[in-house]
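What follows is a single structure, written as structure tokens, with notes after it.
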Amino acid sequence: MNNNYNLKDDFPDDFLWGASTSAFQVEGAANEDGKGVTVADLRTKKSKYLDSSVTVDHYHHVEEDVALMAKLGLKSYRFSISWARIFPHGNDKKPNQKGIDFYNKLINLLVKNNIEPIVTIFHFDCPISLVEQYGGWASRRAIDDYYRYAKTLFELFGDRVHYWLTINEQSLLANVPSMNGIQDNNLHELRQKSENSNYYMFLAQAKVYKLCHKMFSNSKIGPAVSYMTNFPYDHTSENALKSKSMEDLIAFIDMDVAIRGELPTYYLRYLKDKNLVLDICDGDFETLKEGRANFLGLNWYSSSIFKITDVENPKMLDGVISNVEKVTDERMMNAEWGLSYDPVGLRFAMQTVNDRFPHIPIIITECGWPEREKLENGQVHDQKRIKYLNGYIYELREAIKDGVNIISFNPWSFLDLLSVNDGMDKRYGLVFVNRDNNSEKDLARYPKDSFYFYQKVIETNAKNVEILNINSG
Ligand code: BG6
């Protein structure tokens, strides 16, 4: 009997074990060396916690941080380039040399240490000048400026960067338009602007996918999609349909357009029902068809359970997330901020994506466990994060054995950083940074217990990952 079904038994030898961050959350130096102001800088300034001016000062600790990555044994590092460090106003005539120097330094250090750079072109930090000039992503003009910025990055760094991520969590930007600097007092107008911004982001990425394939035959490029598997609260078809529709409109839309090159019909139905009209021009649909991603980046943290209620979610715009309640499953390990530990959910998610896009290469671009943490005698005993990583890596191996083409895993985050909503209280890092919301302290780096666990994972290709007892909660 032939048992060779061409299935993998384990993580492949060239699996990219990595870790993840983003520019405004780690770099600091927000006003140094010519960097322009971004929407993210202004949003965090309004935060009651901490802004982006210093964060964990990676800009001035870059050698030390890459040395720690090398000690950890990382095979890949996913980070973002700050658009406003390269073009301070988003569309300046010439790029900013000091910004180029910083990323050259970082990329060269990574390459020297055999760490594959996985570069996000745009992670929540639109240059504010573009918003002032023409409304930023609410205008079609953003397509050309994003294209020119991406082309500049390809020309500057494409000889050493082989993995590119176009936009981080586009659907979040579309559903929370203020994250792109888009405002309007009229809710319908706001939704209209925001859906057009979503459409322009699709077109901009399609052009950039096409350009990347033209410039480099061996590079991979795709979106970094926020994907949270939704499970219905009960067996009713009504709850199941609502959960699925939310998953389509919040996560699969970004994957469907990137891989299939067209707007999915569930999205068109949504627009029609909400009386929203996209700014479609001649040639747009050809543009979408001609530029496709050749892998998917997925930010997958946990699953969620939803049931239909009358409660409106005030944070998101109406429509996609209205009239649902998120239900906590108390049997799981749950973090303070609503994330839960669901390793089997990750395997389920990987199968779902593979069913929809058979054999598509997948990079887990984010995945992580948040905690409030304190340094005790130079150590941080983050046992829950170790449990989370162990369980998720165990189930990733199962997904690979199922035939899912997962090529890299980049937990969030390499080091503690500025959380988008909770400052430094909410830590995700494998490396502790000695500062808090009120004081910069000495910004010293201390590997946590999870750092040493993950180091062993990388060293042994996950042989140290223990069999998962799914009943252990
Ligand atoms: C993802 C983002 O949405 O989640 C990251 O890409 C973010 O930038 C991460 O930090 C965790 O969210 P938060 O709100 O805890 O920082």
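Computed from a prediction, not measured in an experiment: that's the story for all the values here. Only heavy atoms go into these numbers, but all of them, side chains included; no hydrogens, no water, no symmetry mates. Read the numbers this way: they start at 1 and go in the same order the structure lists the ligands and their atoms.
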Does D422 come within less than 4.0 Å of ligand 1, judged by its heavy atoms? no
Give the atoms of ligand 1, by number and element, whose distance to some non-hydrogen atom of K426 is under 4.0 Å. 13 (P), 14 (O), 15 (O)
Sub-3.5 Å N/O-N/O distance, V420 and ligand 1: yes
Can you spot which of T365, T229, D342 makes a side-chain hydrogen bond (donor to acceptor under 3.5 Å, both in side chains) with W300? T229
Anything under 30° is parallel, anything over 60° is perpendicular, the rest tilted; go ahead and classify Y454 against F409. perpendicular
Of F24, Y301, W337, Y428, the one whose closest heavy atom lies nearest atom 15 (O) of ligand 1 is Y428
Heavy-atom nearest neighbour of atom 3 (O) of ligand 1 within options Q25, M228, H123, E169: E169
Would N410 and Y77 count as having a side-chain donor-acceptor pair, cut-off 3.5 Å? no
Please tell me whether N31 and D41 have a donor and an acceptor in their side chains that are separated by less than 3.5 angstrom. no
Candidates W412, Y394, W369 - the one meeting ring-ring contact (aromatic ring centres under 6.0 Å, His included) with Y388: W369
For W412, the ligand 1 atoms whose distance to one of its heavy atoms is below 4.0 Å: 5 (C), 7 (C), 8 (O), 9 (C), 10 (O)
Step by step, would you call N390 with R385 a side-chain hydrogen bond (donor to acceptor under 3.5 Å, both in side chains)? CA-CA 8 Å; N390 182 83; R385 186 167 298 111; over 6 Å; no
Have a look at ligand 1 and work out which part of N299, if any, has a heavy atom under 4.0 Å from it: side chain, backbone, both or neither. side chain
Would you check the N or O atoms of S419, main chain and side chain alike, for any that come under 3.5 Å of an N or O of ligand 1? yes
Can you tell me the protein heavy atom closest to atom 2 (C) of ligand 1 and the distance? E366 OE1, 3.4 Å
Taking a cutoff of less than 4.0 Å between a non-hydrogen atom of the residue and any ligand atom, is F124 in contact with ligand 1? yes
Pairing donors with acceptors under 3.5 angstrom, does anything connect the side chains of D256 and Y266? yes
Would you please test S450 and D382 for side-chain hydrogen bond (donor to acceptor under 3.5 Å, both in side chains) and show each step? CA-CA 6 Å; S450 59; D382 52 341; 2.5 Å; yes
Among all protein heavy atoms in this structure, tell me which lies nearest to atom 14 (O) of ligand 1, with the distance rounded to 0.1 Å. N421 ND2, 3.3 Å
Return a yes/no value for S22: is any of its N or O atoms, backbone included, closer than 3.5 angstrom to an N or O of ligand 1? no
